[in-house]
2 protein chains.
Amino acid sequence: MTTVLVVDDEPQIVRALRINLAARGYRVLTAADGAGALRGAAEGHPDVVVLDLGLPDMDGSEVIAGLRGWTTVPIIVLSARTDSTDKVDALDAGADDYVTKPFGMDELLARLRAAVRRASVAGPDGEAVVATPSFTVDLAAKKVLRDGAEVRLTPTEWGVLEVLVRNRGRLVTQRQLLQEVWGPAYGTETNYLRVYLAQLRHKLEAEPSRPRYLITEPGMGYRFEA
Amino acid sequence: MTTVLVVDDEPQIVRALRINLAARGYRVLTAADGAGALRGAAEGHPDVVVLDLGLPDMDGSEVIAGLRGWTTVPIIVLSARTDSTDKVDALDAGADDYVTKPFGMDELLARLRAAVRRASVAGPDGEAVVATPSFTVDLAAKKVLRDGAEVRLTPTEWGVLEVLVRNRGRLVTQRQLLQEVWGPAYGTETNYLRVYLAQLRHKLEAEPSRPRYLITEPGMGYRFEA
DNA sequence: CCCGATCTTGACGACTCCTTGATCCGGCCG
DNA sequence: CGGCCGGATCAAGGAGTCGTCAAGATCGGG
């Protein structure tokens, strides 16, 4: 779930944002001043910060600087000041976007989505590593490690393993596996699966003939058990 | 040097941007329509795109979609439309920011700096220099050192190496490599990759026929191992 | 207009990978 | 007890991919 930290000293703005964000499935944290913003960011690990510049205790750029000292979380600045120099200062201080009040909720939400999307694409947020006591699978790097050493997989081997790992814990039918790896025209060539599951077990399992992770469900399909 | 692609069909806007950007040390490319924008992005490898939505030949969101199909370069939309739904559409289509005309040059430049900063910081590390026992790659300076001496790379060689180094440790598919270096129209010309990887290995690897850093993953792609 | 640098294209052997068939194993049911 | 079925294992042929070399094509600068 995406977490948003809303920082504003006007209760009605906080309230409106909280309602709109919560209704769209975001987790919402709030703070009413700069000190609370820094504390909330440190403790709540938000995915994006919506920051009003007119806070009672600190200057807006101070808050931005305080955040930027240790995090690259996207910051969307809200401000009543339409002056160009204010925008420039905030953006150069490290803000990601600047929206002037009064603002349209639709637009703010769209800018928020854009900021979150950007951060998730760029950052290592898609930390897609699945580990077992015997080996680890890194879905993003397309790498498999066993005893610290890299295991070489052929494209088809990787395709089979990837589908199973993405559906870890669940049963994957033979048909589904064939269609996702070999294409929609396949569905009955179960002998392919036997060959490739055997190869994967040889490369990954401690006892290939007694698999602990790449399990056969007779007559149904296969399952990756973590 | 940072490269900006400016897309607008109004010559005076293009001119104003070109002057202001060039004066601040940016390299400026221009295009007057959507087709030119896609071509310019593929050939010029800009670090950021400034895109007017009211182009004569294509809808704005089409241009955004055309870019987003193969690149994550930041896109700043310029538009005369102040309507909220336009902003939402553009941002959700994949734009990074939305500025309404008439705009302040200071503000646009600040937003541009913010977009570029984000993209470069959000990179795999933020570390612009990647070193191996055999050679050193400086992504910011676009230079490669080996035994203290600079290695001369052709533009295409550098393009390939840059993509691999930016994704160090991760596997880069041949399709991704082709599209990022040669443009979105390419994707199957794997012979190019064979030639350029061989050239890079000759220039950088101690034993070109036994690469330690520029690794081939048969059937899948290539990987830079640090 | 020529020249050098760079990019594209083609061809070849070496190697890897996919597919396929044969064989073996274990459980199930008649 | 014996046949049968789905799965596991093994080996080998052919298709496809990769590394390499070299020759054309293209481009930009002098």
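FYI, side chains are in, hydrogens and waters are out, and symmetry mates aren't considered; it's all heavy atoms of this structure.
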I want to verify a distance call: between D:dG19, D:dG7, D:dC18, whose nearest atom is closest to the B:Arg201 side chain? D:dG19

Spacing of B:His202 atom NE2 relative to D:dC18 atom P, expressed in whole Å: 18 Å

Rounded to whole angstroms, how far apart are CD on B:Glu43 and P on D:dG28? 11 Å

Of A:Ala198 and B:Pro211, whose nearest nucleotide on DNA chain D comes first from the 5' end? A:Ala198

Under the ring pair (Phe, Tyr, Trp, His ring centres under 6.0 Å) rule, what pairs show up with a residue in residues 187-217 of chain A, not counting sequence neighbours? A:Phe135-A:Tyr213, A:Trp182-A:Tyr192, A:Trp182-A:Tyr196

Checking B:Val7, B:Leu112, B:Thr30 against B:Val50 for side chain to side chain contact (heavy atoms under 4.5 Å, CB included), the one that qualifies is B:Leu112

Whole-Å distance separating the CG atom of B:Leu197 from the P atom of D:dC18: 10 Å

What does nucleotides 6-11 of chain C look like as a protein-contact string, B for base, S for sugar-phosphate only, - for none, at under 4.0 angstrom between heavy atoms? SBBB--

Residues that A:Gln199 engages under side-chain hydrogen bond (donor to acceptor under 3.5 Å, both in side chains), provided they are two or more places apart: none

Report yes if at least one side-chain N or O of A:Thr216 is closer than 4.0 Å to OP1 or OP2 of D:dA8; otherwise report no. yes

In whole Å, what is the span from the CZ atom of B:Arg210 to the C1' atom of D:dC18? 16 Å

Please, which pairs that meet side-chain hydrogen bond (donor to acceptor under 3.5 Å, both in side chains) have at least one residue in residues 137-146 of chain B, sequence neighbours excluded? none

How would you list all residue pairs meeting side-chain hydrogen bond (donor to acceptor under 3.5 Å, both in side chains) that involve residues 4-13 of chain B, not counting sequence neighbours? B:Asp8-B:Lys101, B:Glu10-B:Lys101

May I ask you to test the B:His45-B:Thr3 pair for a side-chain heavy-atom distance under 4.5 Å? no

Knowing that exactly one of A:Val181, A:Val137, A:Leu200 qualifies, which makes a side chain to side chain contact (heavy atoms under 4.5 Å, CB included) with A:Trp158? A:Val137

Atom CG of A:Leu214 to atom P of D:dA8: distance rounded to whole Å? 11 Å

Neighbours of DNA chain D within residues 217-226 of chain B, by heavy-atom distance under 4.0 Å: B:Gly219, B:Tyr222

Have a look at B:Ile76 and tell me which of B:Val4, B:Leu108, B:Val49, B:Leu51 forms a side chain to side chain contact (heavy atoms under 4.5 Å, CB included) with it. B:Leu108

Say whether, by atom type as modelled, one donor and one acceptor occur between the side chain of B:Asp33 and the main chain of B:Pro56 under 3.5 angstrom. no

Return the value, rounded to whole Å, for the distance between atom CG of B:Leu177 and atom C1' of D:dT17. 16 Å

In whole angstrom, what separates A:Leu193's CG from D:dG6's C1'? 13 Å

